[in-house]
A.B. asks: 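Handing you a structure now.
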Amino acid sequence: MDFKDSLRQKSALVEEYLSSCLAGLDMPAGLREAMNYSLLAGGKRLRPALCLSGAGLFGLTATAALPFAAALECIHSYSLIHDDLPAMDDDDLRRGKPSNHKQFGEATAILAGDGLLTDAFFFMASVGLPSGVRPELPAERTLRAIQAVALAAGSPGMVGGQYLDMLYTATPQMTLEQLRKMQAAKTGALIAVSLLSGAILAGADAEDLTRVENYGRCLGMAFQIVDDILDETGDEAALGKPVGSDASRGKITYPSLLGLEQSRLLAEEAGARALEHIRDFSGEEALFLRDLVEYVLQRSS
């Protein structure tokens, strides 16, 4: 199976799960509509695909890891809803559609994000869900994976990174090290833990967990640099959001700090380091992860 087929297969599994995962939860219909509006809006499904790949790399089936993978997409979707709010990045478009707060109002958008974040931990901790039953996994593995995700999504990771993003906006003295730290927390942490959590669920040993986590951190860095480049050079229709929005808000990005050419070189270096961390792995999922690096570096949306 080539990379695109493997990614489509993983994405299809995730989409099927996401399409019904909120149906069994007793909540107001309007809240469910707002949550599904963002959760089912498409996207690359990179984070759940990484989770499934991390699990498969060490012999765990996609069925067993699927609720956990879907939960990571819930967390990602919540972060996008809140990121678009007027008090944050104030974006009116997301994936070519009105942002959640433009469609449902700010208060409902905040609650939709809160719901997706909180329900994600229910999915990660649950054995059986409306869309299928997860085979039993050792409780210790599930707990360790949940702890890793909580740190990556919380104040040491994504939330802390978003705070730094706000703090550094329109700060011309921002250094490259500060930019790296901010982006590693805001974007890279959730990407890295997506692969790591799948490997934890599968029972990978400490050495292998270090390898996949380091791969994920390097992949996250490459992803964010390319994201910054696309914000300057990409096509608005392909991106589903305005081009140049970072510059208009006074955000410091890799291109604004280093220029486009140096940023591209830095992304390629991060990709090369990612590949180095998984050089000893073999099999279909290892090949998927190697091809994923090229996919991230060459993406146009």
Side-chain angles (χ1 to χ4, degrees), residues 7 38 41-47 76-77 79-102 157-158 160-192 216-274 291-301:
L7 182 59
S38 293
K44 291 173 279 294
R45 308 306 193 196
L46 173 63
R47 291 150 191 85
H76 178 55
S77 295
S79 74
L80 299 181
I81 293 173
H82 283 195
D83 199 39
D84 289 338
L85 289 167
M88 304 286 270
D89 281 352
D90 195 15
D91 277 324
D92 292 345
L93 283 177
R94 173 65 65 178
R95 293 170 176 163
K97 302 196 306 181
S99 300
N100 199 288
H101 71 275
K102 298 300 291 185
M158 188 168 61
Q162 180 63 44
Y163 174 83
L164 291 176
D165 190 20
M166 295 166 55
L167 182 67
Y168 293 145
T169 295
T171 303
Q173 294 81 19
M174 187 178 185
T175 66
L176 179 59
E177 184 55 36
Q178 287 173 322
L179 178 61
R180 281 175 170 160
K181 181 178 179 181
M182 181 267 287
Q183 299 288 23
K186 181 183 177 183
T187 303
L190 194 62
I191 289 176
R217 291 187 184 281
C218 293
L219 183 74
M221 182 177 179
F223 183 94
Q224 183 58 56
I225 296 171
V226 173
D227 211 51
D228 286 355
I229 292 171
L230 290 175
D231 189 72
E232 290 196 11
T233 66
D235 177 73
E236 186 168 319
L239 292 174
K241 60 182 181 179
V243 173
S245 58
D246 286 340
S248 68
R249 290 192 295 267
K251 287 182 177 291
I252 304 298
T253 64
Y254 283 98
S256 71
L257 203 60
L258 303 174
L260 286 171
E261 187 58 35
Q262 189 61 36
S263 295
R264 289 190 181 97
L265 290 174
L266 200 62
E268 290 171 3
E269 290 171 5
R273 290 197 304 274
D291 289 342
L292 179 58
V293 172
E294 186 66 20
Y295 170 80
V296 165
L297 291 173
Q298 298 298 325
R299 69 190 181 93
S300 59
S301 63

A.B. asks: As an exercise, state the distance from CG of D165 to CE of M158, rounded to the nearest 0.5 Å.
C.D. replies: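 One finds 12.5 Å between CG of D165 and CE of M158.
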A.B. asks: Indicate the atoms forming the closest heavy-atom contact of L297 with A267, along with that distance.
C.D. replies: CD2-O, 3.4 Å
A.B. asks: Write down the atom of V293, the atom of A274, and the distance for their closest heavy-atom approach.
C.D. replies: CG2-CB, 4.1 Å
A.B. asks: Go through the steps to decide whether L7 and K44 satisfy the test side-chain contact (heavy atoms from CB on, under 4.5 Å), and finish with yes or no.
C.D. replies: CA-CA 9 Å; L7 182 59; K44 291 173 279 294; over 6 Å; no
A.B. asks: Please confirm whether the backbone N or O of Y254 pairs with a side-chain atom of S263, one donor and one acceptor, at under 3.5 Å?
C.D. replies: yes
A.B. asks: With the side chain counted from C-beta on, respond yes when M221 and R273 share a heavy-atom pair under 4.5 Å apart, and no when they do not.
C.D. replies: yes
A.B. asks: May I ask you to test the E232-T253 pair for a side-chain heavy-atom distance under 4.5 Å?
C.D. replies: yes
A.B. asks: Check step by step if side-chain contact (heavy atoms from CB on, under 4.5 Å) holds for Q262 and L257.
C.D. replies: CA-CA 9 Å; Q262 189 61 36; L257 203 60; over 6 Å; no
A.B. asks: Do you know the tightest heavy-atom contact between M88 and D83?
C.D. replies: CB-O, 3.4 Å
A.B. asks: Within this structure, what is the CZ-CG distance for the pair R264 and L258, rounded to the nearest 0.5 Å?
C.D. replies: 12.5 Å
A.B. asks: Of the non-hydrogen atoms in D91 and H101, which two are nearest, and what is the gap between them?
C.D. replies: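 D91 and H101 have their closest heavy atoms at O-CE1, 3.1 Å.
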A.B. asks: With a 4.5 Å limit on heavy-atom distance, are the side chains of D227 and T187 in contact?
C.D. replies: no
A.B. asks: Could you check M182 against I252 for side-chain contact (heavy atoms from CB on, under 4.5 Å), going step by step and ending with a plain yes or no?
C.D. replies: CA-CA 11 Å; M182 181 267 287; I252 304 298; over 6 Å; no
A.B. asks: State the CD-OH distance between Q178 and Y168, to the nearest 0.5 angstrom.
C.D. replies: 4.0 Å
A.B. asks: Once rounded to the nearest 0.5 Å, what's the spacing between atom CZ of F223 and atom CG of D228?
C.D. replies: 10.5 Å
A.B. asks: Charged N to carboxylate O below 4.0 Å: is that the case for D231 and K251?
C.D. replies: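 Salt bridge between D231 and K251, a charged N being under 4.0 Å from a carboxylate O: no.
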A.B. asks: Please examine the side chains of R299 and L46, heavy atoms only from C-beta on, and report whether any two atoms are closer than 4.5 Å.
C.D. replies: no
A.B. asks: Closer than 3.5 angstrom, by distance alone: can the side chain of R95 be matched with the main-chain N or O of G42 as a donor-acceptor pair?
C.D. replies: yes
A.B. asks: What are the two closest non-hydrogen atoms of V296 and A222, and how far apart are they?
C.D. replies: CG1-C, 4.1 Å
A.B. asks: Mark yes or no for whether T233, through its side chain, and I229, through its backbone, hold a donor-acceptor pair below 3.5 Å.
C.D. replies: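 Side chain of T233 to backbone of I229: a pair is present.
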A.B. asks: Just how far is it from atom CG of D84 to atom CG of N100, taken to the nearest 0.5 Å?
C.D. replies: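 Reported value, rounded in 0.5 Å steps: 8.5 Å.
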A.B. asks: Hey, what do you get for CD1 (I225) to CG (L265), rounding to the nearest 0.5 Å?
C.D. replies: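 One finds 10.0 Å between CD1 of I225 and CG of L265.
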A.B. asks: Which heavy-atom pair separates A189 from G157 by the least distance, and what is that distance?
C.D. replies: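 That would be CB-CA, 4.3 Å.
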